[in-house]
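Structure first, then comments.
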Amino acid sequence: MSPHEHERVKQQTLQIVSNPLSIGMKTLGAFALCLLFAAPAGVAKQRHCIFRVHAQANPQDTAVFSTSVRAQVSGKNVAIEKIPRISEHDVVAFYPYAAANGTYGALFQLDEHGRIALDALSIERRGSLLFVLINGRPITELEIDKRVSDGKIYIPSGLSAADIGLMKKEWRLIGQRKR
C-alpha cells in the first residue's frame with residue numbers, strides 16, 4: 001500500500017469513527033440494551049402471597065445452610081434449611097375451606113417443577129418434617145410419611161381470612177380455568 005493510499009484509508013476510518021450518526025447509533029443501542037434488561041424487572045408480576053416450604057435440615061449443618069426453629073408439634077428446637085424447596089412460584093391453584101378452630105385450611109396444587117420437588121422430598125426425606133410458612137409466618141409442620149407424587153400440599157388449618165384474600169389475588173381456585 002502506498003503512503004497516499006494509506007493516508008486515504010486512515011481519513012475514511014476517522015470519518016466513520018467521528019461520524020455523529022455512528023456515535024448516536026451507539027448511544028441509542030446502549031440505551032435500548034439497558035431498557036431490555038430493565039423491562040422485565042418493571043413488568044414482573046407483583047406477588048401478593050408468600051408461600052414457602054422448608055425441609056428439616058441436618059443438625060450438623062452450619063448456620064450458612066440452616067437455622068434453628070422451635071417445632072410446634074414436639075416443642076423441640078429443629079434445624080431447617082434456609083433455602084425453601086417449594087415457593088409461591090411453584091403454586092398454580094388452591095382450594096380454601098373453613099377449619100374447625102376458626103381459621104382456614106387449604107389444598108395447594110403445584111406446577112410441574114413444584115410437583116417434582118415435592119416428590120423428590122417425599123422420597124429423600126421420609127420420616128422428617130416440612131415446615132410451611134405463609135407470608136413469613138409458620139403455619140404448620142408436615143411429617144413426611146409416604147411418597148407424594150400428585151403435586152398437592154394440604155394445610156389443615158392456621159390460615160387467616162386475610163391470607164385467603166391474598167391467595168385469591170395470586171392464584172386461581174382449583175377447578176377454575178387458567179387465568
Side-chain angles (χ1 to χ4, degrees), residues 40-179:
V43 177
K45 181 180 175 185
Q46 181 182 354
R47 292 287 176 184
H48 298 99
C49 184
I50 299 171
F51 175 86
R52 304 290 162 92
V53 178
H54 295 265
Q56 185 175 352
N58 182 335
Q60 277 65 43
D61 283 349
T62 65
V64 173
F65 299 107
S66 67
T67 189
S68 182
V69 297
R70 181 167 298 282
Q72 295 172 345
V73 176
S74 68
K76 295 179 182 178
N77 283 339
V78 178
I80 66 168
E81 295 175 348
K82 284 188 176 181
I83 305 293
R85 295 290 189 104
I86 299 169
S87 76
E88 63 274 5
H89 301 287
D90 299 314
V91 177
V92 291
F94 80 109
Y95 189 80
Y97 65 90
N101 64 2
T103 64
Y104 292 88
L107 176 67
F108 293 89
Q109 178 67 52
L110 304 176
D111 64 7
E112 189 64 14
H113 176 266
R115 186 192 67 74
I116 291 169
L118 182 60
D119 187 32
L121 267 172
S122 69
I123 293 168
E124 296 169 8
R125 301 291 181 98
R126 185 169 290 176
S128 66
L129 297 172
L130 293 180
F131 294 81
V132 179
L133 287 79
I134 303 287
N135 296 324
R137 290 187 346 268
I139 299 297
T140 192
E141 301 161 14
L142 304 171
E143 184 176 355
I144 304 170
D145 60 351
K146 63 180 180 178
R147 183 176 183 178
V148 181
S149 59
D150 64 356
K152 294 179 181 176
I153 295 179
Y154 172 70
I155 307 299
S157 64
L159 299 170
S160 69
D163 292 330
I164 301 300
L166 291 173
M167 289 174 193
K168 287 180 179 178
K169 291 179 180 179
E170 193 74 33
W171 308 297
R172 64 180 170 83
L173 292 176
I174 292 176
Q176 282 184 338
R177 289 187 290 142
K178 291 183 180 181
R179 292 182 190 181

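- Here the shortest heavy-atom pairing between Leu133 and Pro138 reads CG-CA, 4.1 Å.
- Counting heavy atoms from C-beta on, the side chains of Arg147 and Arg126 come closer than 4.5 Å.
- Heavy-atom minimum distance, Arg115 versus Leu110: N-CB, 3.8 Å.
- In terms of heavy-atom proximity, Asn101 sits nearest to Ser157 at ND2-OG, 3.7 Å.
- The closest side-chain heavy-atom distance from Glu81 to Ser66 is not below 4.5 Å.
- Under a 3.5 Å cut-off, the side chain of Glu170 and the backbone N or O of His48 do form a donor-acceptor pair.
- Listed by first and then second residue, the salt bridge (Lys or Arg N to Asp or Glu O under 4.0 Å) pairs involving residues 149-165 are Arg137-Asp163 (not counting sequence neighbours).
- Annotation for Leu159 and Gly105: closest pair CD1-C, 4.0 Å, computed over non-hydrogen atoms.
- Within a 6.0 Å sphere centred on OH of Tyr104, other residues, nucleotides and ligands contribute 12 heavy atoms or fewer.
- Of all non-hydrogen atoms in Arg85 and Glu124, the two that sit nearest each other are NH1-OE1, 4.1 Å.
- When each of Ile80, Leu118, Ile86 is tested with Leu130 by the rule side chain to side chain contact (heavy atoms under 4.5 Å, CB included), just one qualifies, namely Leu118.
- Counting only heavy atoms from C-beta outward, the side chains of Trp171 and Glu88 approach each other to under 4.5 Å.
- In the displayed structure, Phe65 atom CZ is contacted under 6.0 Å by at most 12 heavy atoms of other residues, nucleotides or ligands.
- Within 6.0 Å of CD1 in Ile123 there are more than 12 heavy atoms belonging to other residues, nucleotides or ligands.
- Contact of the Ile153 side chain with the Leu142 side chain is registered, since non-hydrogen atoms from C-beta on lie closer than 4.5 Å.
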Query - Verdict with reasoning, Leu173 to Phe94, per side-chain contact (heavy atoms from CB on, under 4.5 Å) - result: CA-CA 5 Å; Leu173 292 176; Phe94 80 109; 3.9 Å; yes
**Report entry** Audit row: Phe108, Met167, side-chain contact (heavy atoms from CB on, under 4.5 Å) steps and yes/no
**Finding:** CA-CA 10 Å; Phe108 293 89; Met167 289 174 193; 3.7 Å; yes
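- When all heavy atoms of Ser68 and Asn77 are compared, the pair lying nearest together is OG-CB, 3.6 Å.
- Interatomic distance, CD1 of Ile134 versus CG of Leu166, reported as 10.5 Å (0.5 Å rounding).
- With rounding to the nearest 0.5 angstrom, the OG atom of Ser122 is 7.0 Å from the CD1 atom of Ile144.
- Between the side chain of Asp111 and the main chain of Val91, no donor-acceptor pair closer than 3.5 Å is present.
- Looking only at side-chain heavy atoms (C-beta outward), His89 and Phe51 stay at 4.5 Å or farther from each other.
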